[in-house]
Structure formats: structure tokens, C-alpha cells
Amino acid sequence: MRLPISIFVSVSLFTAETTAALYLSSTYRSAGDRIWQGLTLLFTLVPSVLVQLTLTFIHRDLSRDRPLILLLHILQLGPIVRCLEAFCIYGSVGRVEEPYVSITRKKQMPRRGQSEEVERQVGQAEGKLFTHRAAFARTSVIQAFLGSAPQLTLQLYICVLQRGVSIGRGTLMVISLLSIVYGALRCNILAIKIKYDDYEVDVRPLAYICIFLWRSFEIATRVVVLVLFSSVLQLWVLPVVLLNFLVFFLYPWILFWMSHSPFPENIEKTLSRLGTTIVLCLLTFLYAGINMFCWSAVQVKLSDPDLINKSQNWYRMAVYYMLRFVENASLLLLWYIFKTDFYSDICAPLLVLQLLVAYAIGIFFMLVFYQFCHPCRRLFSSSMGQGFWDCSSLLCCMCNSTPSPIRTTGKAALEPPSPPCKEPPSDTYDDMPNDTTYDILNDTIYDSPNDMANTTDTGVHGDTGHTELCNA
């Protein structure tokens with residue numbers, strides 16, 4: 001059984017960021033900056049409350065008689081207590097005989113087209129540790145994108161206005177950036193484990209390094225672009241942020257409405273329809289907060305029983321990064337046009353170029369991760385490079401204008417048009433993309449070779465009849 005290091009890292013970042021934010025807010029109060037003090041406390045306390053509620057919801061403490069745990073959560077000490085509980089469970093493994101053991105079956109990664117299924121016994125202690133790890137993985141994402149990301153943006157904006165970085169503010173900014181990157185990393189790992197739940201997923205250290213570099217460049221560049229734009233066009237930053245947030249908040253609901261699926265009732269048995277709606281709104285709220293700063297590896301799908309889209313959609317990812325790159329470039333261009341003498345000490349063109357190159361480097365590490373370091377890349381139905389290439393070709397075709405009709409002259413123009421002779425279509429099944437989908441609840445891959453063969457035979461006989469008519 002692995003040591004719960006991820007739980008310790010999550011709690012350490014949570015505690016360090018909360019402590020640094022409280023200290024910085026006290027310095028703002030001493031300096032008389034009430035607005036900065038209020039915003040700093042807001043971006044600290046709101047995610048902290050959401051983290052406590054998430055831990056209580058996952059561990060089902062409301063339906064259990066644990067008043068001390070609930071009191072500690074009210075005092076915002078829940079993550080620390082949960083971390084100590086997880087390490088106590090880890091220390092008790094092997095000392096007490098397990099009265100109940102469950103058996104899990106996981107498939108190994110396919111080798112040479114074959115995948116073996118392995119059975120493993122899971123005791124009660126390991127099951128509890130698994131629940132703790134899952135809970136802290138979700139709270140790390142909440143803390144990162146609903147607390148650390150706005151906090152980092154605010155403190156960097158204050159540094160730009162005051163033209164200086166204090167020790168307290170710099171410490172908080174570094175911790176916030178680490179918290180965001182770690183939350184994005186946990187989001188990637190969580191998405192992999194949800195999509196490929198039937199398989200034993202082994203994430204290599206090189207994959208962690210690629211995700212860390214990818215998310216670091218992507219998030220840092222996005223925050224700097226937003227801060228630069230807001231420093232010269234304060235009135236326009238709010239519409240830009242609200243538009244981004246509303247698009248990603250409403251997008252899952254629009255897809256759910258278009259699918260005509262029934263309202264999800266299996267989230268929690270004790271929740272009413274109103275409670276389920278609130279939980280779904282909070283989920284889409286978090287989804288919008290993630291996509292505000294980076295690509296969300298966990299794609300929300302309200303029509304799915306697990307509320308997660310388990311298919312790998314390269315087109316959506318390609319469109320997101322293309323539009324986000326264009327948006328960042330546009331915001332930097334507007335900053336360059338409307339900048340004042342406040343930025344006379346820096347080389348503006350060089351800064352714009354550095355930010356765009358940094359974002360491109362982040363995309364490069366993302367491509368390296370999905371192409372070479374993804375633990376389940378053997379299960380991909382299509383390569384990521386092919387998906388990006390197809391998306392680029394589709395966008396180019398949409399941008400091209402339709403060809404104008406050819407005007408005929410002379411005798412050819414006077415002759416009546418002859419009926420077109422249909423040629424038998426060539427067998428293009430090899431060129432079609434593989435539309436294989438992976439279902440977590442069922443076993444592996446679904447294809448229909450018999451249906452494809454029947455379709456091919458029917459097409460051949462039908463085309464023969466058409467050819468005979470044309471020859472006649």
C-alpha cells in the first residue's frame with residue numbers, strides 16, 4: 001500500500017496558503033488598504049468553506065454520528081484532521097487482521113493486442129485510504145481554481161499597481177501558483193482514472209514532469225495576460241471574464257438540454273431535486289473556473305450517470321487551445337495599444353513575444369504528454385496529432401470560399417446536360433477514423449465488423465446495378 005503523500009501535499013498547500021493569506025490581509029489592514037484586505041480574505045475563506053463541505057459530503061458525515069468531526073469542519077480544521085486520520089489508517093495496516101476483504105478485478109494495459117485481467121484483494125483500511133485520496137484529489141482542484149487562481153491574479157495585479165513585491169505577497173503568490181499547478185495535475189490524474197477505471201493505471205514520473213511543465217506555462221501565461229489587460233482597461237476586464245465564465249458554465253447545460261436526457265437523480269439518495277440542482281450548479285461552476293485559466297481534463301457531461309464525459313475528444317481540445325491562443329494574443333495586442341507611460345521601463349514587444357512563446361511551450365509539453373507519456377495511450381482510438389490535424393483541416397475548409405460555377409461557351413453550352421453516371425465508390429473504410437468508444441461500466445471496445453461487412457456487400461451489389469444502367 002502506497003504512502004498517502006498526495007494527501008499530505010494537498011493539506012500542506014492548503015494550510016500554507018491560508019496562513020500566508022491571513023498574514024498578508026493583516027498587513028493590508030495595517031496599511032489601511034481595506035479593499036485589498038477584503039478581497040484577499042474573500043479568496044481565502046470561500047474556497048476553504050467549499051473544501052469543508054466537499055469533505056463532509058464525500059465522507060457522508062451528515063448521516064453518521066460524528067459531532068466532533070463536524071465541529072472541526074466548522075472551525076475550518078477538517079483537512080488537517082482528515083490527513084491525520086489517513087496516516088493513522090496507513091499505520092494500522094497489517095497490525096490488525098482484516099475481518100472483511102473485497103476482491104477487485106482490473107485489466108492490465110494491452111500488450112500485443114491482448115489484455116489480462118488481474119484480481120486483487122482490497123481490505124477495509126485500503127478502501128478507506130482510497131476514499132481519502134479521492135476526496136483530497138477533488139478538494140485540491142476546488143482549492144486551486146476557486147481560491148488560488150483568483151488569489152494569484154489579485155496579488156499580481158496589486159504588484160503591478162504598486163510596482164513592488166513584498167515578502168508576504170511574494171510568498172503567497174508562489175504558494176498559490178504551486179497550488180494551481182498541483183490542482184491541475186490532480187485534475188489530469190483524476191480524469192485518467194475515471195475514464196480508464198477498468199484498467200490498472202500506472203503514471204510514470206516523466207508523465208508527472210510533463211503535466212507539471214504543461215500546466216505551469218499555461219496557467220502562468222494566462223494569469224499574466226489577464227493582469228496586463230486589466231491594468232490598462234479596467235472597465236473591459238469584467239465583460240471578458242464574465243463572457244468566458246458564462247460560456248463554460250452554460251455549455252454543459254446546453255448539451256444536456258440538447259440530449260433530451262432525464263434529470264440525473266442518482267447523485268445522492270438523500271438529496272432532493274433542489275439539492276441535486278445545487279450540486280450540479282456547483283459542479284459546472286467549478287468546471288467554468290477551471291476552463292477560465294486552463295483546459296479542464298475532466299469534461300462535464302450531465303447526461304452521463306457519472307456526470308463525466310469518458311470519451312477522448314481531440315477536436316474540442318484543439319478548438320479550445322486555438323481560441324485561447326487567439327484570445328491571449330488579442331488581449332496582449334489591446335494592452336500594447338492602450339498602454340501608458342507606466343510601462344515605459346519594460347520592452348513591450350519583447351514581453352508580448354515571451355508570453356506567446358511561453359503559451360506555445362505549454363502546448364508543446366501537452367502534446368509530448370499525450371503522445372509519449374500518457375499511461376493509457378495504447379487505448380486511444382486515434383492519435384492526438386491526427387485529431388489536431390483534422391481539426392485544422394476542417395477550419396481551413398470552413399474559411400475557404402466556395403468555388404464559382406464554370407461558365408461554358410460554344411457548342412458545349414448548347415448541348416443538354418447528360419445524366420451523370422455514378423461510379424462505384426471505392427472502399428473507404430480504411431480511411432475513416434476509428435469511432436471506438438470506451439465504456440467504464442462494460443468491458444472494453446465495441447465494434448461491429450459484421451455490420452460493416454454487410455454494408456460493404458450491399459454497396460458493391462448496388463453499385464453494380466448502377467453501372468449496368470449507365471452502360472445501357
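Being a predicted model, the structure only gives us computed values, none of them experimental.
Applying the side-chain contact (heavy atoms from CB on, under 4.5 Å) test between Leu177 and each of Val174, Ile175, Val181 identifies Val181 as the sole match. The side-chain contact (heavy atoms from CB on, under 4.5 Å) with His73 is formed by just one residue from the set Gln52, His59, Arg66; it is Gln52.
Contact check for Lys301 versus Leu307: no side-chain heavy atoms found under the 4.5 Å cut-off. In this structure, Glu85 and Lys128 have side chains that are not in contact, with every pair of non-hydrogen atoms separated by 4.5 Å or more. Side chains of Met366 and Glu218 form no contact here, defined as non-hydrogen atoms less than 4.5 Å apart. Side-chain contact between Ser6 and Phe136: absent, with no pair of heavy atoms (C-beta onward) separated by less than 4.5 Å. Residues Leu280 and Pro264 meet the side-chain proximity criterion, which asks for heavy atoms closer than 4.5 Å. Looking only at side-chain heavy atoms (C-beta outward), Lys193 and Asp197 stay at 4.5 Å or farther from each other. A heavy-atom distance below 4.5 Å is found between the side chains of Phe212 and Ser216. When side chains are defined from C-beta on, Asp345 counts as touching Arg163, because their heavy atoms get closer than 4.5 Å.
In Trp236, the CH2 atom is not crowded: 12 or fewer heavy atoms of neighbouring residues, nucleotides or ligands sit closer than 6.0 Å. Open room surrounds CZ on Arg29; 12 or fewer heavy atoms of other groups in view lie less than 6.0 Å from it. Other residues, nucleotides and ligands contribute over 12 non-hydrogen atoms within 6.0 Å of the CG atom of Leu75. Shown here is Ile346, whose CD1 atom has more than 12 heavy atoms of other residues, nucleotides or ligands within 6.0 Å. Heavy-atom neighbours of Leu323 CG from other residues, nucleotides or ligands within 6.0 Å: above the threshold of 12.
Between Ser230 atom OG and Leu238 atom CG the span is 11.0 Å, to the nearest 0.5 Å. To the nearest 0.5 angstrom, Trp295 atom CH2 is 9.5 Å from Arg215 atom CZ. Distance check: Leu302 CG to Leu255 CG gives 8.5 Å after rounding to the nearest 0.5 Å.
With a 6.0 Å cutoff to the six-membered ring centre and a 45° limit on the axis angle, Lys339 counts as a cation-pi contact of Tyr336. Cation-pi check for Arg34 over Tyr28 is not met; the charged atom does not lie both under 6.0 angstrom from the ring centroid and within 45 degrees of its normal.
With ring centers used as reference points, Trp214 lies 6.0 Å or more from Phe364.
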Q: Evaluate the criterion salt bridge (charged side-chain N to carboxylate O under 4.0 Å, His left out) for residue pair Arg133 and Glu126; output intermediate values, then yes/no.
A: CA-CA 10 Å; Arg133 286 194 180 97; Glu126 189 172 355; over 6 Å; no
Q: Start with the C-alpha gap between Ser10 and Ser140, add the side-chain angles, then the distance that decides, and say whether side-chain hydrogen bond (donor to acceptor under 3.5 Å, both in side chains) holds.
A: CA-CA 6 Å; Ser10 299; Ser140 297; 2.7 Å; yes
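Using the six-membered ring where Trp is involved, Phe369 and His374 have ring planes that are tilted, between 30° and 60° apart.
With hydrogens and angles ignored, the 3.5 Å screen pairs no side-chain donor or acceptor of Thr15 with any backbone N or O of Ser12.
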